[in-house]
Protein chains: 2
Amino acid sequence: MFNRKPVVTLENPTVEKAAESIKEAVSKRKAIILVGNCWVDYKGRASSKLESGERIVIIKKDGSVLIHRPFGYEPVNWQPAGCLFQTSIRGETLQVRASRKKPSESVKISFDKVFVLSSMNLIDRGEFSLHASELDMQKAILLDPSLLEEGFKPISYEKKVEPGFVDVYGVDREGRLVVVEIKRRTAGRNAALQLAKYVDFVKTVTRRELRGVLVAPHLAKGVQTLLTCLGLEFKALEPKNCADILRKSETRKLGDFF
Amino acid sequence: MFNRKPVVTLENPTVEKAAESIKEAVSKRKAIILVGNCWVDYKGRASSKLESGERIVIIKKDGSVLIHRPFGYEPVNWQPAGCLFQTSIRGETLQVRASRKKPSESVKISFDKVFVLSSMNLIDRGEFSLHASELDMQKAILLDPSLLEEGFKPISYEKKVEPGFVDVYGVDREGRLVVVEIKRRTAGRNAALQLAKYVDFVKTVTRRELRGVLVAPHLAKGVQTLLTCLGLEFKALEPKNCADILRKSETRKLGDFF
DNA sequence: TGCTAAATCTCGAAC
DNA sequence: GTTCGAGGTTTAGCA
């Protein structure tokens, strides 16, 4: 399984050797890690200058570039995916320029010493999932409808209505229809207005009594007033709680409910 | 100059050897680059799961962590500076956990194969300057006062007034005094109020006619109204234009003007 | 300490 | 293609 050699590392290469290696790696769509002493000039949406120092530079196969100092979460300089690269030797220095258009900008990195240069063919097809998404909150409410309120019974979810899709649709303990709109973060005016549109639409297709409930961790300023004006309700629900519910019920399938 | 050995690289270390090396590097406040096959779990403000794949992990001496897939500008998982680390072996896997409080969150990285492990003592004292800073804009206006308006003549800069320092102070083509406040980014209410304070102060020490001009690339919402109420003006000026002016006049010294 | 506004924001979806 | 909104946003500037 690990017989292939995905990483080739050069220690203390000459700048000439490094330039050659970078050109090859870029052309073969490999990822590159460069560690060495460098300085950086950026021109584009803004412009910046970084004086000489030892840093970590990552060039990815999609043409993105990251220049990291030995401290700090953010890269000091960078370039998003889609860059074209020019690698050259200028006297005693290795120069790598990453440019893109729209917006037109380029980062020029100059090395006078490379400590390590790794060229890598990394395989990464692993799926990334961020839990407690809006969908997770929806699933959690379907799994445990009391998260919305006692006696709530879901009828369907992602139900098509004219303006879009209702997140959850159900009946409360007194038999009234309930339209639920879910936001995983603080709900703003848009969320309230969206819910209002859904409720208005459902009103055109039924004569039953109807409630609209906005579910979110918090309401933005003034949205409670707006909800009241629109005759809608708010139910506070933390995405984290939903994630916990889902974790506890991982064995059960959502399909069981319908 | 480059006799020291700032980087030590292990190729294909066993997970045991890797764990040992990471513990030492963390305790000695070195930076670490790990390349290998791993999976990641995050719990905190949200929670996420990243399935197995080959990635680049950077641990910096300030306790920040970056997990980069072979594509994309952004790290797939990360942890800001100030983390505490737990490194251990769980069966055949190397496990690195980076945790912090406030907010309470942790990232757990599990490796079943390490291709490269570099421990680095990087020295980086280079200064970073984002050009077209507020100071650059100030210099540009002093170099070319027509950036503000035709006929403007600077008298001084960084002039002390009671509430602080006036960025630029001058006379317009009709002999009126002008107080200039510069912001390199969209100017908010604060900027307008700050300018108002300066103008009010200057009014107490002169009887000459007085204008207040806020210079910035843009105004935040509602600030134009506020300026009008305060009897102040706005002059749009892009930091980029200022940077261009400075580049063209690099040979001249600011001191020449006074 | 907490809040607000900006960022070379980036990224993705909708129009 | 452009605009709009979200992000584990992060970060810097103030109250």
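The chains referred to below are lettered A, B, ... by the order of the sequence lines, with proteins before strands, and numbering in each begins at 1. None of the values given here were measured: they were computed from a predicted structure.
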DNA chain D-proximal residues of residues 73-87 of chain A, any heavy atom under 4.0 Å: Y73(A), E74(A)

Atom NZ of K197(B): over 12 foreign heavy atoms under 6.0 Å: no

Report yes or no: does T93(A) contribute a side-chain atom to a donor-acceptor pair with the main-chain N or O of R90(A) at less than 3.5 Å? yes

Whether the side chain of E51(B) engages the backbone of E127(A) through a donor-acceptor N/O pair (distance < 3.5 Å, no angle test) should be reported. yes

If we ignore hydrogens and angles and just use 3.5 Å, is the side chain of E54(A) paired with the main-chain N or O of N37(A) as donor and acceptor? no

Over all atoms of both residues, closest heavy-atom pair of G212(B) and L195(B): C-CD2, 3.8 Å

If we take the P atom in both dG8(D) and dC4(D), what is their distance in whole Å? 22 Å

Each nucleotide N or O in nucleotides 4-6 of chain D that has a protein N or O under 3.5 Å away: list the pair and distance.
none

Any donor-acceptor pair under 3.5 Å linking the side-chain atoms of K60(B) with those of H68(A)? yes

Per nearest nucleotide of DNA chain C, the residue lying toward the 5' end, R100(A) or A187(B), is A187(B)

Check: R97(B) side chain, Q86(B) main-chain N or O, donor-acceptor pair, under 3.5 Å: no

Step through the shown structure and confirm whether more than 12 heavy atoms of other residues, nucleotides or ligands are within 6.0 Å of NZ on K49(A). no

For DNA chain C, which nucleotides open and close the run of contacts to chain B, 5' to 3', at under 4.0 angstrom from a non-hydrogen atom? dT1(C) to dC11(C)

Classify the side-chain pair S48(B)/N77(B) by whether it contains a donor and acceptor separated by less than 3.5 Å. yes

Could you pick out which residue, Y42(A) or G72(B), lies toward the 5' side of DNA chain C when each is mapped onto its nearest nucleotide? Y42(A)

Any ion pair linking K235(B) and E233(B) (charged N to carboxylate O, less than 4.0 Å)? no

I'd like the P distance from dT4(C) over to dT8(C), given in whole Å. 22 Å

I want to check one thing: is the phosphate of dT2(D), taken as OP1 and OP2, less than 4.0 Å away from some side-chain N or O of K102(A)? yes

Salt bridge or not for K43(B) and E105(B), using N-O below 4.0 Å? no

